[in-house]
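Have a look at the structure below, then the notes.
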Amino acid sequence: QLQLVESGGGLVHTGGSLRLSCAASGFTLDYYAIGWFRQAPGQEREWVSCISNDGSTYYADSVNGRFTISRDNAKNTVSLQMNSLKPEDTGFYYCAADGDGVCFEYDYWGQGTQVTVSS
């Protein structure tokens with residue numbers, strides 16, 4: 001019953017922007033931390049960003065300053081605004097929920113959405 005559904009992926013050129021959304025169903029997002037991960041072909045899954053249940057935000061060095069994570073509890077969603085995209089940002093992006101709300105242990109995962117950045 002606990003589901004996360006990502007949307008907003010697509011193909012953009014270098015320097016472009018995308019806004020990913022993570023919609024929760026079957027549970028109330030308010031008390032969860034929501035993290036974003038990505039995985040490129042042949043690479044390990046990489047943590048990208050997280051927002052805690054109190055609104056604190058965290059970013060990987062590789063995206064810091066370019067990506068912004070936010071939450072809209074009224075809509076039960078978390079968004080990842082991705083600006084100044086680079087080809088190395090290409091990958092399959094997943095959102096994940098941490099029931100402890102502290103961006104530490106992620107128990108529920110979405111199916112992902114593809115992000116491709118071309119030059």
Side-chain angles (χ1 to χ4, degrees):
Q1 293 184 347
L2 302 178
Q3 294 185 343
L4 297 171
V5 179
E6 302 92 338
S7 62
L11 173 64
V12 297
H13 294 289
T14 298
S17 298
L18 284 173
R19 187 176 181 88
L20 305 183
S21 293
C22 176
S25 63
F27 67 100
T28 301
L29 180 147
D30 303 34
Y31 305 106
Y32 287 77
I34 301 295
W36 284 95
F37 296 76
R38 67 188 182 189
Q39 188 168 26
Q43 299 186 17
E44 299 286 338
R45 180 174 291 174
E46 176 189 18
W47 175 82
V48 175
S49 183
C50 185
I51 185 165
S52 68
N53 59 7
D54 68 0
S56 300
T57 59
Y58 310 91
Y59 302 93
D61 289 342
S62 59
V63 306
N64 191 39
R66 299 186 297 118
F67 290 12
T68 302
I69 191 169
S70 61
R71 66 193 305 150
D72 187 340
N73 289 342
K75 297 180 179 179
N76 216 27
T77 61
V78 166
S79 295
L80 184 69
Q81 179 67 43
M82 306 186 296
N83 297 327
S84 302
L85 284 164
K86 306 173 182 179
E88 51 263 43
D89 294 318
T90 294
F92 213 74
Y93 283 68
Y94 303 85
C95 63
D98 170 15
D100 295 325
V102 295
C103 300
F104 180 71
E105 181 183 52
Y106 300 93
D107 302 307
Y108 306 101
W109 295 77
Q111 292 184 266
T113 185
Q114 179 67 38
V115 171
T116 303
V117 184
S118 63
S119 59

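In this text, all values refer to a predicted model and were calculated from it rather than measured experimentally.
- A heavy-atom distance below 4.5 Å is not found between the side chains of Cys95 and Val78.
- The same ILVMFWY cluster, assembled from side-chain heavy atoms under 4.5 Å apart, contains both Val63 and Val12.
- Contact check for Ser62 versus Glu46: side-chain heavy atoms found under the 4.5 Å cut-off.
- A pairwise comparison of heavy atoms in Cys50 and Tyr106 identifies SG-OH, 3.2 Å as the closest pair.
- Pairs engaging residues 79-101 under the ring-ring contact (aromatic ring centres under 6.0 Å, His included) rule: Phe92-Tyr94 [sequence neighbours left out].
- A single hydrophobic cluster is seen to contain both Trp36 and Leu85, as judged by linkage of ILVMFWY side chains at heavy-atom distances under 4.5 Å, directly or through other members.
- Screening Tyr59, Tyr58, Phe67 for a side-chain contact (heavy atoms from CB on, under 4.5 Å) involving Val48 leaves a single residue, Phe67.
- Between Trp109 and Phe37, the two ring planes are tilted [angle within 30° to 60°].
- Here Phe104 sits in one hydrophobic cluster together with Val102; the rule is ILVMFWY side chains under 4.5 Å apart, joined directly or through other members.
- Ile69 and Tyr108 fall within the same hydrophobic cluster, where Ile, Leu, Val, Met, Phe, Trp and Tyr residues are linked whenever their side-chain heavy atoms come under 4.5 Å apart, directly or through other members.
- Annotation: Gln39, atom CD; neighbour count of heavy atoms from other residues, nucleotides and ligands within 6.0 Å is above 12.
- In this structure, Ile51 is a member of the same hydrophobic cluster as Leu29, with clusters built from ILVMFWY side-chain heavy atoms closer than 4.5 Å.
- Under the 4.5 Å side-chain heavy-atom criterion for ILVMFWY residues, no single connected hydrophobic cluster contains both Val5 and Leu2.
- Considering only residues two or more places apart in sequence or on other chains, Ser17 meets the side chain to side chain donor-acceptor pair (under 3.5 Å) condition with Asn83.
- No option in Asp89, Val117, Val115 other than Val115 meets the side-chain contact (heavy atoms from CB on, under 4.5 Å) test with Met82.
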